[in-house]
Amino acid sequence: MTDNFNLIPQPVSVTAGSGVFKLTNDTPLVCGDGCDKAAAYAARLFAVQPAEGVESGGLRLNLDADSDIEPEGYELVVTATEISLTAADENGLFNGLQTLRQLMPAAMTAGRSADCDIPAVSIQDHPQFSWRAMHLDVCRHMFPVEFVKKYIDLLAFHKMNMFHWHLTEDQGWRIEIEKYPKLAEISAWRTETPLPEDRHQYDGVPYGGYYSKDDVREVVAYADSLGITVLPEIELPGHTIAVLAAYPELGCVGEGYKVRVDWGIEDDVFCAGNDQVFKFLEDVFDEVLELFPSEYIHIGGDECPKVRWESCDKCQARIKNEGLKDEEELQSWFVGKIGNYLASKGRKMIGWDEILEGGLPEGAAVASWRGTEGGIEAASQGHHVVMTPITHCYLDYYQSEDRENEPPAFWWPIPEDQRVEGGPSFVGLVTLDRAYSYNPHEGVPKAFQNMVMGGQSNLWTEYIPNEKQAEYQTYPRASALAETLWSPLPSENRDFDGFIGRLSHHLKRLDALDVNYRFPKENL
Ligand code: ACM
Ligand code: ZN
């Protein structure tokens, strides 16, 4: 009977009680030591007031570091007289509050607006994976701070714990760096944008913008108030022509760069032989680290063509002087140098799986996106891994085979003679049930599974020009992925029908939060 409450993600253990707790404006919010942030959030969500000296009853938050509750886990006990939430850490309290939010009537998900009944229940819960992230590309298209905050609120609502903010790209640099003002003046702007329905035609409209440091501080503080870490991504050595447009001396050729308009992969990247590049990156990271307190920093590392390095005297001299074998090892050397800098500042580096090529720098974690092979290889070498394969986690892909009736998205056809019987006719399809079948441990030998920190969804925005479409692509697939990262596998496979049953109610919560999700008409 655990599905009665339609919770997403499904908790580890749910036992229904009898009766209800009446949550009203008079319900006291009683908090133990160390609960201040969670208390502020609870007061906001449930419209209750902190009270002191109340011995029993009310909504009670307790932090007990000595309890045997798992990291980020919680125990939530609702009786007719009391709601008691206990956790061993602050994130556990936040996760428990999200469950309590789902126990309210769906219409009140955005905040309690009237007296309401909370069903009596006892829930013990904790996540299966510690890395539960959602990525947003704000470079191909940019989104207002208010939308970014809403995106973070929604990921917190699903007990995800990290917002991966993809801030720099060929098509636009989106974060203010005081030492390099031309990043905001030049790198943040492109002359036009490809049309969604035909990427080889262009709209002729200049496009751009960037987040000021105050914007970034606002987002990081908001995320923190919900227990969410913001993971910044600053791309290197590739996906950087927008930087070269402003500071051409940082490229191998040294001139003729423009912020890229076309989607796809750019040949012009940072010159690995030029020491100024590392001075630039260290300066940028100095300012980035000041804004983002995250343990990890994402350095990109994907899709870096080597053609410029092959014909650049400085890059070739670097290969020779450092005793490197080839351009692959030059990339590894480049990434490793940045990793060392971050480590000297007490941070850890994560990059996309291409950073495996030429040798994985010491201490680097890998986000495996082209498949799971990179992740498995990195784990077998003793590196931490985040699984985010295109096959399950790419929310920019189509959610239905019926492309004609979906907004344009990323895809390419599979030739007829290469199709799997009954399989899709194109690459770029992640249906809801496919997302729900995700398992970050799949294919990973047991001996290395402990190196898999978790997974994440990615939302690349080439084909996502506005907020409505960003939500359409994200939900409900992100609800499914959230469950795959939080909830234990009930057996060999997850119970998709059970998920869909709960989702039909959960969609009402998303309605209350004004989310423009895609209605899963194939399933409901
Ligand atoms: C990626 O999708 N290029 C990481
Ligand atoms: Zn070079």
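Counting from 1, the numbers follow the sequence of the chain as shown. Atoms within a ligand are numbered from 1 in the order they appear, just like the ligands themselves.
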Task: Under-4.0 Å salt bridge between Arg518 and Glu406 - done: yes
Open item on the list: Would you compute the distance between atom CG of Asn458 and atom NE2 of His164 and round it to the nearest 0.5 angstrom?
Closed with: 7.0 Å
Open item on the list: Can you confirm, on distance only, whether ligand 1 has an N/O atom lying under 3.5 Å from any N/O atom belonging to Trp352?
Closed with: no
Open item on the list: Would the distance check show the side chain of Trp369 and the main-chain N or O of Met387 forming a donor-acceptor pair, the cut-off being under 3.5 Å?
Closed with: no
TODO: Just need the protein heavy atom nearest to atom 3 (N) of ligand 1, so name the residue and atom and give the distance.
DONE: Asp302 OD2, 2.7 Å
- [ ] State the atoms of ligand 1, each with its element, that fall below the 4.0 Å cut-off from a heavy-atom position in Glu303.
- [x] 3 (N)
Task: Tyr394 N/O to ligand 1 N/O under 3.5 Å - done: yes
Open item on the list: Please report, to 10°, the angle around the Zn ion (ligand 2) from atom SG (Cys271) across to atom SG (Cys252).
Closed with: 110°
Open item on the list: If the threshold is 4.0 Å, N to carboxylate O, is there a salt bridge linking Lys213 and Glu176?
Closed with: no
Open item on the list: Salt bridge or not between Asp262 and Arg199? Use side-chain N to carboxylate O under 4.0 Å.
Closed with: no
